[in-house]
Amino acid sequence: MFSGRFARHQRLLRPAEFKQVFERPCKISDKHLTLLCRQNDLPHARLGLAIAKKQVKTAVARNRIKRMSRETFREQQTMLAGLDIVVLARTSAAQLTPQELRRVLENLWLRLVKKCKS
RNA sequence: GGAGUUGGCCAGGUAAUCGCUGGAGAGUUUUCUCUCUGGAGGAAAGUCCGGGCUCCAUAGGGCAGAGUGCCAGGUAACGCCUGGGCGGCGUGAGCCGACGGAAAGUGCCGCAGAAAAUAUACCGCCGAUGGUCCCAUCCCCCCCCACAGGGGCCAGGUAAGGGUGAAAUGGUGUGGUAAGAGCGCACCGCGCAGCUGGUAACAGCUGUGGCAAGGUAAACCCCACUCGGAGCAAGACCAAAUAGGGGAACAAUGUGUGGCCCACACAGUUCCCGGGUAGGUUGCUUGAGGUAUACGGUGACGUGUAUCCCAGAUGAAUGAUUAUCCAAGACAGAACCCGGCUUAUAGGCCAACUCCACUC
């Protein structure tokens with residue numbers, strides 16, 4: 001499959017970093033997920049996950065969304081370079097199968113690049 | 001073979017590629033790269049109990065509050081487990097039970113029912129006894145003596161019966177009576193006493209008492225026993241930036257008090273100290289540990305020996321894709337750690353036992 005890593009510096013780690021993205025976001029969403037993004041001054045992209053317990057009840061479903069987000073991010077990261085992205089889940093996201101989730105995410109990444117890179 | 005009961009176990013497999021993360025080693029000694037090796041559960045869940053650990057509080061005792069509640073044992077401890085007793089359910093293997101006290105007191109008991117705690121009213125039964133009235137019979141001039149039927153009403157007797165109800169003042173039978181009643185008796189039940197068995201809960205037997213006047217304590221309550229509070233965001237350590245605190249040194253420095261020096265106060269520069277925020281480290285996985293085996297015990301479990309190290313993340317790792325096999329994959333994701341309980345769960349496997357049918 002794809003080569004491509006997902007190391008520590010490619011994640012949003014601190015509350016302050018999340019706050020930056022939430023403040024002036026470029027927003028993309030469908031009925032399952034919402035993506036927020038913002039330009040950073042780095043040569044690579046960074047991903048943050050904010051899957052609320054209130055929206056997605058079981059830990060298994062939360063993990064599934066997080067893992068799939070990371071995985072698809074890892075595959076698409078070259079075209080996302082220079083962006084800080086936060087993924088938010090809605091209630092319906094818990095019902096998706098892994099295959100559906102993958103399709104939804106890949107679609108969203110493409111829309112995100114179109115909108116926010118320009 | 002079918003139906004079932006109990007206990008235990010498993011929880012998709014294999015291969016390739018690309019990732020995440022703990023540890024060890026090497027290179028590089030910011031940090032990254034490479035190699036090897038480990039990486040969710042039976043419930044990790046609910047947070048309902050119990051304990052370890054940490055900090056705080058604490059002479060001792062009482063009250064309040066909460067919990068537990070047949071007996072014995074196991075355990076670090078428990079509301080858990082094991083064995084036993086009693087009661088209930090099942091043809092049976094087995095299963096279920098907050099299972100102390102209602103002659104300390106208070107409260108409550110819908111509907112139905114005569115009546116729901118008061119031994120009495122009501123309906124009903126009887127009317128022997130006492131009173132009264134009527135009819136029949138007998139006698140008749142009157143008196144005395146003997147014999148004497150049926151019925152109504154009243155006084156009164158009665159707790160047997162009254163289709164109800166979860167529950168109605170022991171049950172069944174028999175004697176007894178005007179009708180009845182533990183009023184008497186037999187058996188069963190209950191209370192009390194003794195003896196026997198058992199560590200005990202309790203059981204059995206014998207004797208004795210006519211039986212003492214519902215239920216509810218998961219209603220208050222009484223009795224016995226147990227319990228200090230908060231939780232790993234506990235707690236310990238390191239520690240920027242900024243502001244402020246204390247101390248020391250510096251000086252021909254400035255301002256104020258003063259006529260001036262000295263001195264004092266506030267500023268200045270440098271250094272040190274303690275508190276402490278962001279952030280980081282630690283607590284953090286070797287433990288009431290697992291596996292095997294021997295011995296003790298009905299068993300829960302205990303003791304000895306050997307052997308193994310088996311997740312430790314911190315925006316939070318354990319995944320993705322492809323191929324393939326089959327019976328086509330349920331519930332579900334560690335967050336300081338253990339022991340339980342409860343709840344969710346596609347299926348599959350093993351052992352012991354029970355009932356039914358059939359064959360020999």
Side-chain angles (χ1 to χ4, degrees):
Chain A
M1 275 309 294
F2 260 99
S3 73
R5 307 185 61 83
F6 183 54
R8 198 144 199 89
H9 61 82
Q10 290 171 278
R11 304 177 194 179
L12 295 176
L13 296 170
R14 300 178 181 201
E17 295 168 348
F18 272 82
K19 212 171 167 189
Q20 268 192 342
V21 178
F22 278 114
E23 234 143 59
R24 275 173 37 221
C26 162
K27 201 165 160 187
I28 285 239
S29 64
D30 72 352
K31 64 184 174 195
H32 305 299
L33 299 169
T34 300
L35 276 74
L36 305 178
C37 104
R38 191 166 198 249
Q39 295 275 347
N40 62 19
D41 300 326
L42 301 166
H44 53 78
R46 294 192 300 183
L47 177 69
L49 298 163
I51 315 299
K53 201 171 182 181
K54 200 173 176 185
Q55 300 295 329
V56 182
K57 293 282 194 298
T58 67
V60 172
R62 282 199 298 280
N63 276 345
R64 189 164 58 233
I65 294 165
K66 286 194 229 170
R67 282 165 183 164
M68 204 47 94
S69 302
R70 285 197 208 98
E71 189 62 23
T72 51
F73 173 84
R74 193 169 66 79
E75 290 164 7
Q76 310 289 334
Q77 58 180 293
T78 39
M79 73 176 184
L80 297 168
L83 296 172
D84 280 348
I85 302 161
V86 174
V87 177
L88 297 165
R90 301 188 179 193
T91 314
S92 61
Q95 265 93 53
L96 296 173
T97 63
Q99 289 75 35
E100 290 170 335
L101 198 56
R102 171 171 277 268
R103 226 181 42 241
V104 165
L105 276 160
E106 280 170 351
N107 185 29
L108 281 172
W109 293 130
L110 288 173
R111 284 173 58 197
L112 187 75
V113 171
K114 251 187 210 165
K115 186 173 178 191
C116 299
K117 276 279 199 170
S118 54

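Chain naming here is simple, since letters A, B, ... match the order of the sequence lines and numbering starts at 1 in each.
- Atom-to-atom, CD of A:Gln10 to P of B:C18 comes out at 17 Å; the value is rounded to the nearest Å.
- Base-pair partner of B:C331: B:G41 (Watson-Crick or G-U wobble, both distances under 3.5 Å).
- One finds no salt bridge joining A:Arg67 and A:Glu71 here, because no Lys/Arg side-chain nitrogen approaches an Asp/Glu carboxylate oxygen to under 4.0 Å.
- In this structure, A:Leu47 places its CG atom 17 Å from P of B:G19, rounding to the nearest Å.
- Protein atom CE of A:Met68 is 12 Å distant from nucleotide atom P of B:U318, rounded to whole Å.
- B:A40 shows a glycosidic angle within 90° of 0 and is accordingly assigned syn.
- Taking atom C1' on both B:A313 and B:C96, the two are 46 Å apart, rounded to the nearest angstrom.
- A straight line from CH2 of A:Trp109 to P of B:A320 spans 17 Å, rounded to a whole angstrom.
- The residues A:Glu75 and A:Arg70 are annotated as not salt-bridged, no charged nitrogen and carboxylate oxygen being separated by less than 4.0 angstrom.
- We find the CG-CG distance between A:Leu36 and A:Leu88 to be 5.0 Å, quoted to the nearest 0.5 Å.
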If you apply the rule side chain to side chain donor-acceptor pair (under 3.5 Å), what do you find for A:Thr91 with A:Gln55, and how did you get there?
CA-CA 5 Å; A:Thr91 314; A:Gln55 300 295 329; 2.9 Å; yes
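- For the C1' atoms, the distance from B:C310 to B:U6 is 32 Å, rounded to whole Å.
- No side-chain donor-acceptor contact under 3.5 Å links A:Glu106 to the backbone of A:Arg103.
- Minimum interatomic distance between A:Ala93 and A:Leu33 (heavy atoms only, all atoms of both residues): CB-CD2, 4.2 Å.
- Nucleotide B:U164 is matched to nothing when pairs are restricted to Watson-Crick or G-U wobble geometry with both distances under 3.5 angstrom.
- The main-chain N or O of A:Pro98 is never found under 3.5 Å from a side-chain atom of A:Arg64 such that the two would form a donor-acceptor pair.
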Under 3.5 Å, which protein N or O atoms sit close to an N or O of nucleotides 330-337 of chain B? Give each pair with its distance.
{"unit_1": "B:G333", "atom_1": "OP2", "unit_2": "A:Ala59", "atom_2": "N", "d": "3.2"}
{"unit_1": "B:G333", "atom_1": "OP2", "unit_2": "A:Val60", "atom_2": "N", "d": "3.4"}
{"unit_1": "B:G333", "atom_1": "N7", "unit_2": "A:Asn63", "atom_2": "ND2", "d": "3.0"}
{"unit_1": "B:G333", "atom_1": "O6", "unit_2": "A:Arg67", "atom_2": "NH1", "d": "3.1"}

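- Salt-bridge annotation for A:Arg38 and A:Asp84: absent, with no side-chain N of the basic residue lying under 4.0 Å from a carboxylate O of the acidic one.
- Glycosidic conformation of B:U285: syn, with the torsion inside 90° of 0.
- For the side chain to side chain contact (heavy atoms under 4.5 Å, CB included) with A:Val104, the qualifying choice from A:His32, A:Met68, A:Lys31 is A:His32, the only one to do so.
- Along RNA chain B, the nucleotide nearest A:Arg70 and the nucleotide nearest A:Lys53 are compared for position; the residue whose nucleotide lies closer to the 5' end is A:Lys53.
- The interatomic distance linking A:Arg74 (CZ) with B:C20 (C1') rounds to 9 Å, in whole Å.
- If you check B:G275 for Watson-Crick or wobble pairing at under 3.5 angstrom, you find it has no partner at all.
- With C1' as the reference atom, B:C308 and B:G73 are 34 Å apart, rounded to whole Å.
- Nucleotide B:G19 holds its P atom 15 Å from the CD atom of A:Gln76, rounded to whole Å.
- Closest to the A:Arg102 side chain, of the nucleotides B:G315, B:U321, B:G319, is B:U321.
- Picking from B:G319, B:U321, B:G315 the nucleotide with the shortest atom distance to the side chain of A:Glu71 gives B:G319.
- Across the protein-nucleic acid pair, A:Glu75 atom CD and B:G19 atom C1' stand 10 Å apart, rounded to whole Å.
- Atom-to-atom, CG of A:Leu105 to P of B:A320 comes out at 13 Å; the value is rounded to the nearest Å.
- B:A278 sits 15 Å from B:A233 when the P atoms are compared, rounded to a whole Å.
- Base orientation of B:G256: anti (glycosidic angle beyond 90° from 0).
- The distance from atom SG of A:Cys37 to atom CG of A:Leu47, rounded to the nearest 0.5 Å, is 11.5 Å.
- Nucleotide B:U321 has B:A16 as its partner under the Watson-Crick or G-U criteria, with both atom distances under 3.5 Å.
- In this model, a donor atom of one side chain and an acceptor atom of the other lie less than 3.5 Å apart for A:Thr34 and A:Arg90.
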Check the interface with nucleotides 278-280 of chain B: list each N/O to N/O pair with the protein under 3.5 Å, or write none.
none

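- With a cut-off of 3.5 Å on both Watson-Crick or G-U wobble distances, the partner of B:A146 is given as none.
- Under the Watson-Crick or G-U wobble criterion, with both distances below 3.5 Å, B:U216 is paired with B:G107.
- Partner of A:Leu35 under the side chain to side chain contact (heavy atoms under 4.5 Å, CB included) criterion, out of A:Leu112, A:Asp30, A:Val86: A:Leu112 alone.
- Straight-line distance between the P atoms of B:U314 and B:U31: roughly 16 Å, to the nearest whole Å.
- Across the C1' atoms, B:G283 and B:G235 are found 8 Å apart, a figure rounded to whole Å.
- When Watson-Crick and G-U wobble pairs are counted only if both distances are under 3.5 Å, B:G61 pairs with no nucleotide at all.
- B:C185 and B:U208: their P atoms are spaced 12 Å apart (whole Å).
- Between A:Gln99 and A:Lys66, it is A:Lys66 whose nearest contact on RNA chain B lies nearer the 5' terminus.
- For the P atoms, the distance linking B:G289 with B:C326 amounts to 46 Å, nearest Å.
- With a cut-off of 3.5 Å on both Watson-Crick or G-U wobble distances, the partner of B:U31 is given as none.
- Base orientation for B:C188: anti, the chi torsion being more than 90° from 0.
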